[in-house]
Amino acid sequence: MKFLRDTMTVFSREATPALRDPVSLVFAMGQPLLFLLLFGSLLDTSTGTGTWQWFVPGILVMMCLVGPMGAGHSLLVELTGGSMERMMVTPLNRTAMLVGRNLKETITLVVQAVLIVAVAMTLGFRLYPGGVLAGLLMLTVFGVGLSSLSFVLALRSQPSGALFWVVTQTLMFPLTLLSGVLLPLEQGPAWLRAVGAVNPVSYIVDAQRALFAGRFDDTSVLHGGLVAVAVALIGLVVGTRSMRRGVTTGA
Amino acid sequence: MAVTTTGLIRHFRTKKTTVEAVRGVDMDIGDGELVALLGPNGAGKSTLFRMLTTLLPPTAGTATVAGRDIIRDPDGVRARIGYVGQNHSAGDNFRVRDELVTQGRSHGMTRVEATRRADEVLDLLGLRPLAKRTPNTLSGGQRRRVDIAMGLVHRPALLLLDEPSTGLDPHSRAEVWEHILRLREELAMTLVLSTHYLEEADRMAERVVIIDHGLVIADGTADRLRKDLAGDRIALTLESKADMARIAGPFEAHGDTVHIRVPDAAAALPRHLRELDAAGVKVVAAQALRPTLDDVFLALTGRSIQEAA
Ligand SMILES: Nc1ncnc2c1ncn2[C@@H]1O[C@H](COP(=O)(O)OP(=O)(O)OP(=O)(O)O)[C@@H](O)[C@H]1O
Ligand SMILES: [Mg+2]
């Protein structure tokens with residue numbers, strides 16, 4: 001009971017500024033749509049209408065990578081200011097602090113995904129409702145794990161915050177580009193495909209493409225699901241432990 | 001007892017060295033006291049606060065805060081104390097009133113209760129007109145008042161404030177202090193605060209605890225500390241420097257002025273003047289000097305608190 005209440009307290013704190021500012025909210029939610037339209041129209045001319053089926057899940061995975069990084073950044077800001085410290089000196093449940101923040105990321109992701117799918121449908125994207133639902137569920141699970149890891153990174157980066165930037169900057173580009181989100185890896189040289197094979201994000205991308213094409217029985221779906229669950233578990237366990245240990249590092 | 005600490009120690013291990021931030025603090029603070037922790041930069045004030053507020057586990061020692069053990073029952077401590085940290089308590093992008101409501105809800109209040117209470121503390125600290133602003137649009141003094149408000153939402157019996165007035169201009173500082181003193185009168189709280197402004201500790205607190213290099217080096221009322229550790233002086237400026245030789249007893253010469261240590265400056269000044277007059281020594285200026293807390297710190301450490309950092 002207390003856990004749920006605390007989670008809602010943290011969630012509503014995080015969500016309120018956005019809800020109070022509907023104009024920015026609309027822009028933030030609509031931004032990936034812009035990306036979809038600009039980038040998608042480029043692809044359209046080269047590869048035909050199957051493009052949307054390939055491109056929409058890619059964009060969703062990319063959002064799922066960018067969102068958690070932003071969440072970690074906002075935590076970092078609150079750690080360097082004093083607002084996180086003040087919250088730590090309340091009886092607020094430590095896991096709820098993690099989950100409440102995660103909830104806001106998750107809801108943002110889902111709303112953006114629904115918007116993207118809706119717009120893409122008008123452009124020729126074929127909807128497999130079951131597949132899309134399963135795909136979103138997988139992304140949600142994966143996103144929760146990524147956000148938690150991003151929070152851990154922010155906590156560990158104290159007090160300067162430098163570590164957070166070093167790690168995210170060096171990881172984000174290879175993880176994104178070498179997962180086949182925006183460019184297919186299949187046509188790439190062997191080394192590129194090898195790197196793709198060890199990149200956990202690739203498994204999510206492949207699974208999403210299969211699900212968005214309505215292919216539940218594809219083995220990539222299983223692999224992607226396992227990666228998502230593993231990342232979520234690791235993130236939540238490590239994240240809760242870091243939150244318990246508190247805001248102040250220095251052994 | 002609002003606070004009891006026994007042998008509280010905290011070390012920080014950095015890459016090569018170990019910093020002994022707090023080196024064994026034993027301190028009792030009774031209910032309703034107003035205590036100022038005075039110490040130069042790096043003395044260990046914040047580290048002490050962070051242990052008392054459960055943010056940092058001690059390396060050794062124990063402490064009871066608001067009747068709860070900081071290690072065995074951290075949530076119990078958190079529920080009973082208010083903490084105004086050295087940094088800002090309210091998030092930059094959140095409205096002041098929203099943050100106050102969040103704070104109340106974090107302490108288990110319902111939304112309705114927390115909202116009512118948020119409005120009460122807004123009024124208490126004169127923040128009503130700023131309720132819908134975000135902290136990054138406020139002045140330093142206004143922002144500090146918001147921080148104090150955040151510490152009061154759940155009506156704690158004990159409020160710990162880490163340098164509530166540092167970085168403020170004299171006007172805002174006076175204003176923050178006025179609010180702190182009002183709170184104490186109206187709410188009968190125990191207040192523990194840190195500062196490195198000597199005059200502030202002197203004027204405002206009934207009890208001053210001086211901390212240096214992680215240890216309590218003096219503890220008492222400002223008057224007591226002054227009497228015991230520094231003492232009064234009188235300053236006499238003589239018309240002729242040559243007359244200095246005719247002063248009986250030890251003195252320090254500062255240019256053409258002599259400083260003489262005395263138990264009570266107000267009583268000693270006329271007596272010295274009479275004696276010198278009788279001896280035919282001309283005095284151009286005379287002054288009774290009360291020691292400052294800096295004199296106390298100087299007497300204890302050989303350093304001035306301003307340059308001790
Ligand atoms: N996380 C940390 N890691 C390493 N050293 C630390 C850490 N926090 C504090 N210290 C060191 O411990 C000592 C005491 O610091 P503390 O912040 O408690 O001092 P303070 O009295 O609050 O000073 P100020 O008046 O500047 O706020 C300092 O030498 C500081 O460098
Ligand atoms: Mg400090």
Side-chain angles (χ1 to χ4, degrees), chain A residues 1-21 24-25 28 70-71 73-97 100-101 104 155 158-161 163 242-251, chain B residues 10-14 18-19 21 46-47 49-57 59 73-95 97-99 101-111 114 132 134-136 147 150-151 153-154 156 160 162:
Chain A
M1 240 352 261
K2 176 171 188 301
F3 175 75
L4 286 183
R5 204 191 56 210
D6 286 355
T7 303
M8 281 318 291
T9 299
V10 176
F11 169 71
S12 71
R13 171 178 191 263
E14 294 297 314
T16 305
L19 296 176
R20 286 210 190 282
D21 186 2
S24 320
L25 185 66
H73 174 242
S74 78
L75 180 68
L76 191 65
V77 170
E78 295 215 70
L79 282 164
T80 16
S83 43
M84 197 60 202
E85 195 173 86
R86 145 215 143 204
M87 279 185 271
M88 300 299 274
V89 190
T90 69
L92 212 53
N93 181 289
R94 309 289 125 150
T95 312
M97 288 189 188
R101 280 175 176 264
K104 183 203 161 208
L155 285 161
Q158 287 299 99
S160 72
L163 181 71
S242 300
M243 280 286 187
R244 287 244 166 83
R245 193 165 333 130
V247 278
T248 319
T249 50
Chain B
R10 175 69 203 204
H11 294 171
F12 292 102
R13 235 185 299 284
T14 51
T18 299
V19 182
S46 296
T47 306
F49 271 123
R50 295 161 85 98
M51 287 192 280
L52 298 179
T53 54
T54 75
L55 285 167
L56 264 184
T59 306
D73 186 10
D75 269 338
V77 173
R78 291 169 191 148
R80 285 167 180 78
I81 63 167
Y83 171 56
V84 178
Q86 196 165 349
N87 295 323
H88 288 299
S89 297
D92 276 341
N93 305 312
F94 302 87
R95 285 188 187 177
R97 190 162 177 265
D98 289 347
E99 280 289 72
V101 173
T102 300
Q103 185 72 352
R105 297 227 287 157
S106 305
H107 277 281
M109 296 180 192
T110 63
R111 180 175 277 284
K132 291 190 174 168
T134 55
N136 50 14
D147 295 336
M150 298 286 291
V153 176
H154 59 297
L160 301 133
D162 196 357

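Computed from a predicted structure; not experimentally measured. So you know, we letter chains A, B, ... as the sequences are listed, proteins then strands, and number each from 1.
Between the CZ atom of A:Arg5 and the CE atom of B:Met109 there is a distance of 11.0 Å, given to the nearest 0.5 Å. Taking CE of A:Met97 as the reference point, atom OG of B:Ser106 lies at 7.5 Å (rounded to 0.5 Å). Here the straight-line distance linking atom CZ of A:Arg94 with atom CG of B:Asp75 works out to 6.5 Å at 0.5 Å rounding. Note that CG of B:Asp147 is 10.0 Å distant from OG of A:Ser83, once rounded to the nearest 0.5 Å.
Across all their heavy atoms, B:His107 and A:Thr90 have their closest contact at NE2-CG2, 3.6 Å.
With chain A as partner, the option from B:His154, B:Met150, B:Arg111, B:Glu99 having the largest number of non-hydrogen pairs under 4.5 angstrom is B:Glu99.
Only the backbone of B:Asn93 comes within contact range of chain A, with heavy atoms under 4.5 Å apart. Interface residue A:Thr9: backbone and side-chain heavy atoms are both found under 4.5 Å from chain B.
B:Arg78 places no side-chain N or O within 3.5 Å of a backbone atom of A:Pro91 that could act as its donor or acceptor partner.
The pair A:Arg20-B:Asp98 counts as a salt bridge, with a side-chain nitrogen and a carboxylate oxygen less than 4.0 angstrom apart.
At least one side-chain heavy atom of A:Arg86 sits less than 4.5 Å from a side-chain heavy atom of B:Thr102. Taking the side chain as every heavy atom from C-beta outward, B:Leu55 and A:Glu85 approach each other to under 4.5 Å. In this structure the side chain of A:Met88 never reaches within 4.5 angstrom of the side chain of B:Tyr83, judged on heavy atoms.
Looking at B:Arg105 and A:Ser12, their side chains do bring a donor and an acceptor atom within 3.5 Å of each other.
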